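Below is one structure; the comments refer to it alone.
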Amino acid sequence: MNKKITCHMISGVDGRLNIERLTPLAKDAPENYSTTLYLHKNQAENADAWIVGRNSVQELAFPNVLDFSNEPATQNFNTYVADRKTNKGVVIFDSRGITDYTCNTIMDDEIIIVLGQTVSDKYLDLLKERNISYLFAGKDGYDLNVALDILSKDFGFDTFTLVGGATINGAFLKAGLIDELLLQLYPGIDGLSGVSSIFETKGLKDYKPALGQSLELVDVQKEEFGILYLRYKFHKN
């Protein structure tokens, strides 16, 4: 199957991501309407797995961190495929291996950790004890093409929703690996400088991480309470 990555995000009209900071929907909107709609749309994509960064997953499910910094780095970079109960996954880029994953699923999807080569054997042993799969994606854990190849070969994952945060989105954008952007445009405003936006990468002021790419609007859906759903196709120029 051909690989497909759809970046699926919520943002205010100013491009900011933290929904808790945005001005609220109309007073008659059900509580958490935007988030519920987002989860429904994400499920409807029927991707093999969703991709998320470490910071976001710590906010979502696993806030505690572990410190194995005094342990020597492993020399075993083999992929570990845990005993899987479902055919859906959540791929977490946790390059330094610091998150304390207290279970092996998020919303019933099985966790696969993408690591860098500085993690310790003690951390890997802990993941194995908890039946959590992992793979290595280069020295820094961000060789995205290596990660995608392993996810396809060893896990059978070829279609993904990329759900943030801004840094992991920016890495995939920079690499030219995003095929579609599915954007919930939330009718709210943050307005504060420095708050995360949909895509973020670091570089000099004249650096353009999206250079050579363009967007084609392919679908617009008007939802309740002023929310729009926009689908864009990425073109590599």
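This is a predicted model, so every value here is computed, not measured. When a residue number appears, it is its place in the shown sequence, counting from 1.
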Kindly state each residue pair satisfying salt bridge (Lys or Arg N to Asp or Glu O under 4.0 Å) with at least one member in residues 227-237, sequence neighbours excluded.
E45-R231, E180-R231

Which residue pairs pass the salt bridge (Lys or Arg N to Asp or Glu O under 4.0 Å) test when at least one of the two sits in residues 200-226, sequence neighbours left out?
K41-E223

For [X], enumerate each residue passing the side chain to side chain contact (heavy atoms under 4.5 Å, CB included) test, keeping only those at least two apart in sequence or located in another chain.
| X | value |
| --- | --- |
| E71 | F68, S120, K122 |
| R130 | D100, L126, I132 |
| D121 | T74, L124 |
| S95 | Y142 |

Do the side chain of T36 and the main chain of N32 share a donor and acceptor less than 3.5 angstrom apart?
yes

Any chance CG of D28 has more than 12 other-residue heavy atoms, nucleotides or ligands included, within less than 6.0 Å?
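More than 12 heavy atoms, drawn from other residues, nucleotides or ligands, come within 6.0 Å of this atom.
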
Neighbour count above 12 (heavy atom, 6.0 Å) for I189 CD1
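It does not: I189 CD1 has 12 such atoms or fewer within range.
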
Would W50 and N42 count as a side chain to side chain donor-acceptor pair (under 3.5 Å) here? Give the steps.
CA-CA 9 Å; W50 45 291; N42 204 61; over 6 Å; no

Closest heavy-atom contact between [X] and [Y]?
| X | Y | value |
| --- | --- | --- |
| V57 | I106 | CG2-CD1, 3.4 Å |
| H8 | Y38 | O-OH, 2.8 Å |
| E110 | T86 | OE2-N, 3.2 Å |

Pair K3 + D158: basic N to acidic O under 4.0 Å
no

Is a salt bridge present between D94 and R96, judged by a nitrogen-to-oxygen distance below 4.0 Å?
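The answer is no: the pair does not qualify as a salt bridge.
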
Side chains of [X] and [Y]: does their closest heavy-atom pair fall under 4.5 Å?
| X | Y | value |
| --- | --- | --- |
| T6 | F160 | no |
| K174 | F172 | no |
| L183 | I198 | yes |
| Q184 | S11 | no |

side-chain contact (heavy atoms from CB on, under 4.5 Å), that's the test. Do L144 and V114 meet it? Break it down for me.
CA-CA 10 Å; L144 303 182; V114 181; over 6 Å; no

Test I51 against V163 for side-chain contact (heavy atoms from CB on, under 4.5 Å), laying out the working first.
CA-CA 6 Å; I51 298 171; V163 301; over 6 Å; no

Go through the steps to decide whether K88 and D109 satisfy the test salt bridge (Lys or Arg N to Asp or Glu O under 4.0 Å), and finish with yes or no.
CA-CA 5 Å; K88 298 288 186 178; D109 294 332; over 6 Å; no

Do K128 and Y80 form a cation-pi contact, if we require the NZ or CZ to be under 6.0 Å from the six-membered ring centre and within 45 degrees of the ring's axis?
yes

